[in-house]
Structure formats: C-alpha cells, structure tokens
Amino acid sequence: MSCQGEGSVSVDVPTVAVSYRLRCGGVVPEVAYHEISLGASHRPGTVVVTAPSAVTWAATVGRGDRAEREPSGIG
C-alpha cells in the first residue's frame, strides 16, 4: 500500500477481521507492507480501501505465494 497527500488511508479485510490505517506523506509517498497468512486461502474475500479525495493511493492484493517487496526509493 502506498499513499500520498494530506490525510490517511484505511484498509479493512472483513473476512479475516484485519484493518489498519496508513498516514500518508504530503510530498513523499508513504509505503507500507502488510502480509496476512491464512490457513484457508480458498475463502472468498474483500479488501476495502477508504481515503479522502485529497489522497492518491495504490495497493497490490494477491493470493498465493509470498509477494516480493518493491525496491525502496519509490517516488
């Protein structure tokens, strides 16, 4: 998850009762990595992202093997 702008992004994954908030950077994008390991990855799920219109955000959501982190220095 990355975001930029005045405010924060809220991320909720209701299927597994996980949520977090990321405070965004004003000029430099803020980046956070969260990995959730599930015993029953076959269950359907939803990811809900909420942010004010002043915030630009991007997320990568996947299912399967661990994702590799992007190199730092984004922006």
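As the structure is a computational prediction, the values presented were derived from the model and not from experiment.
In this structure, OG on Ser53 lies 12.0 Å from CD on Glu6, to the nearest 0.5 angstrom. With rounding to the nearest 0.5 Å, the separation of OH in Tyr20 from OG in Ser10 is 10.0 Å. With rounding to the nearest 0.5 angstrom, the OG1 atom of Thr50 is 6.5 Å from the CG atom of Asp12.
Considering only heavy atoms from C-beta on, Val47 comes within 4.5 Å of Val11 through its side chain. In this structure the side chain of Gln4 never reaches within 4.5 angstrom of the side chain of Val28, judged on heavy atoms. Taking the side chain as every heavy atom from C-beta outward, Val31 and Met1 never approach each other to under 4.5 Å. Considering only heavy atoms from C-beta on, Cys24 comes within 4.5 Å of Val9 through its side chain.
With hydrogens and angles left out, the side-chain atoms of Arg23 and Ser8 include no donor and acceptor closer than 3.5 Å.
Every residue two or more places apart in sequence or in another chain was checked for a side chain to side chain donor-acceptor pair (under 3.5 Å) with Thr56, and none qualifies.
Between Pro14 and Thr46, the shortest heavy-atom distance links the atoms CD-O, 3.2 Å. Listed here is the closest heavy atom pair of Gly5 and Val55: C-CG2, 4.3 Å.
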